[in-house]
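This report refers to the structure that appears directly beneath it.
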Amino acid sequence: MVSSVPTSIVPPSPVGSRDASAGVARIAPSPIDVAFTREKSRVPQARRIGTSWLRNVCHVARSRVDAVELVLSELVGNAVVHGRGDTIGLRMRRAGGNVHLEINDRTPSEVPRPQRVAMDAEQGRGLWLVDELVHDLGGRWGFTADGTVAWCVIPVAPPPSNDGGRRRR
């Protein structure tokens, strides 16, 4: 495993924050910044690293970690399948109430879009699934303009619901 990834595309945040009510400075959790060889066998490894960090360092609720695990798996899997570089970068950090996730396949390309596929298709639903999960988590996601980095920003805690439990559409 290689341990260098290019500079983050998500704007940096302060290293610590001050809790005004307690008057105590808190240090933000250490970020994850690793690179993997571009092999299918690395997808579960990226998933394990990401979910362990979310649970144990950021203390994200299990139900949210499970959803982010699937997002992470889909995005890293896409980078393995569609990337052409030797390595894939994974960067995760917590900034305030959000987790920032980046997967860099180091391959400039047209920006991928979620698509609808036939019921019997065996592939092609990954980005549609990512879109649904990230929306359900109250986050946002996308790609850099050159298509090299997939990114997500997901709230650590669920956003308040004002839709009466109804799904969008």
Side-chain angles (χ1 to χ4, degrees), residues 1-10 29-95 98-156 158 167-169:
M1 181 169 42
V2 182
S3 65
S4 67
V5 175
T7 304
S8 173
I9 57 107
V10 179
S30 297
I32 297 288
D33 192 351
V34 295
F36 299 91
T37 54
R38 192 176 61 84
E39 300 170 355
K40 287 182 183 181
S41 65
R42 299 302 185 168
V43 176
Q45 186 177 15
R47 202 170 43 232
R48 282 191 304 273
I49 289 171
T51 57
S52 292
W53 181 79
L54 289 167
R55 284 185 187 119
N56 300 317
V57 177
C58 295
H59 308 290
V60 176
R62 183 172 195 86
S63 61
R64 296 182 70 74
V65 172
D66 291 346
V68 175
E69 179 178 21
L70 187 50
V71 168
L72 182 60
S73 186
E74 288 294 332
L75 294 177
V76 172
N78 277 356
V80 168
V81 170
H82 301 291
R84 293 185 299 275
D86 293 335
T87 61
I88 295 168
L90 169 63
R91 174 173 284 182
M92 298 178 77
R93 67 181 176 82
R94 181 171 175 171
N98 295 310
V99 170
H100 297 253
L101 165 68
E102 299 171 19
I103 294 91
N104 186 341
D105 70 8
R106 298 168 171 75
T107 305
S109 64
E110 185 175 326
V111 175
R113 303 275 181 233
Q115 57 185 336
R116 296 212 180 239
V117 296
M119 292 287 285
D120 59 347
E122 293 183 17
Q123 295 181 344
R125 293 177 183 81
L127 295 182
W128 178 81
L129 184 59
V130 167
D131 189 55
E132 291 294 313
L133 287 167
V134 171
H135 177 269
D136 288 350
L137 290 167
R140 61 190 195 283
W141 74 284
F143 289 88
T144 54
D146 67 357
T148 59
V149 178
W151 59 268
C152 298
V153 178
I154 299 170
V156 172
R167 288 189 43 93
R168 69 179 168 142
R169 297 272 183 258

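When a residue number appears, it is its place in the shown sequence, counting from 1. Worth saying up front: this structure is predicted, and the values here are computed from it rather than measured.
- Separating the CD1 atom in Ile32 from the CG atom in Leu54 is a distance of 8.5 Å, to the nearest 0.5 Å.
- Listed here is the closest heavy atom pair of Trp141 and Leu127: CZ2-O, 3.8 Å.
- Residue Arg106 comes nearest to Ala35 through the heavy atom pair NH2-CB, 4.3 Å, listed as atom of the first residue, atom of the second, then distance.
- A side-chain donor from one of Gln45 and Arg42 sits under 3.5 Å from a side-chain acceptor of the other.
- With sequence neighbours excluded, the residues forming a side chain to side chain contact (heavy atoms under 4.5 Å, CB included) with Val57 are Pro29, Trp53, listed by chain and number.
- Between Phe36 atom CZ and Asp86 atom CG the span is 15.5 Å, to the nearest 0.5 Å.
- Rounded to the nearest 0.5 Å, atoms CG (Leu101) and CZ (Arg94) are 15.0 Å apart.
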Enumerate, atom names and distances included, each donor-acceptor pair closer than 3.5 Å involving a side-chain atom of residues 59-74, sequence neighbours excluded.
residue, atom, partner, partner atom, Å
Arg64, NE, Pro155, O, 3.4
Arg64, NE, Val156, O, 3.1
Arg64, NH2, Leu137, O, 2.7
Arg64, NH2, Pro155, O, 2.7
Asp66, OD1, Arg55, NH2, 3.3
Ser73, OG, Arg47, NH1, 2.9

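- Within a 6.0 Å radius of CG in Asp146, other residues, nucleotides and ligands contribute more than 12 heavy atoms.
- One finds the CZ atom of Arg140 at 13.5 Å from the NE2 atom of His135 (value rounded to the nearest 0.5 Å).
- The minimum heavy-atom distance linking Ala79 with Arg38 is given by the pair O-CD, 3.7 Å.
- The minimum heavy-atom distance linking Phe143 with Val111 is given by the pair CB-CG1, 3.7 Å.
- A distance of 10.0 Å separates SG of Cys152 from CG of Asp131, quoted to the nearest 0.5 Å.
- Taking CG of Leu75 as the reference point, atom CG of Leu129 lies at 10.0 Å (rounded to 0.5 Å).
- Taking all atoms of both residues into account, the shortest heavy-atom contact from Arg93 to Ala95 is NH1-CB, 3.3 Å.
- Taking both residues in full, the closest heavy atoms of Leu90 and Met92 are given as CD1-CG, 4.0 Å, listed atom of the first, atom of the second, then distance.
- Tested against Thr148 for a side-chain contact (heavy atoms from CB on, under 4.5 Å), the candidates Ile103, Asp105, Thr107 yield a single pass: Asp105.
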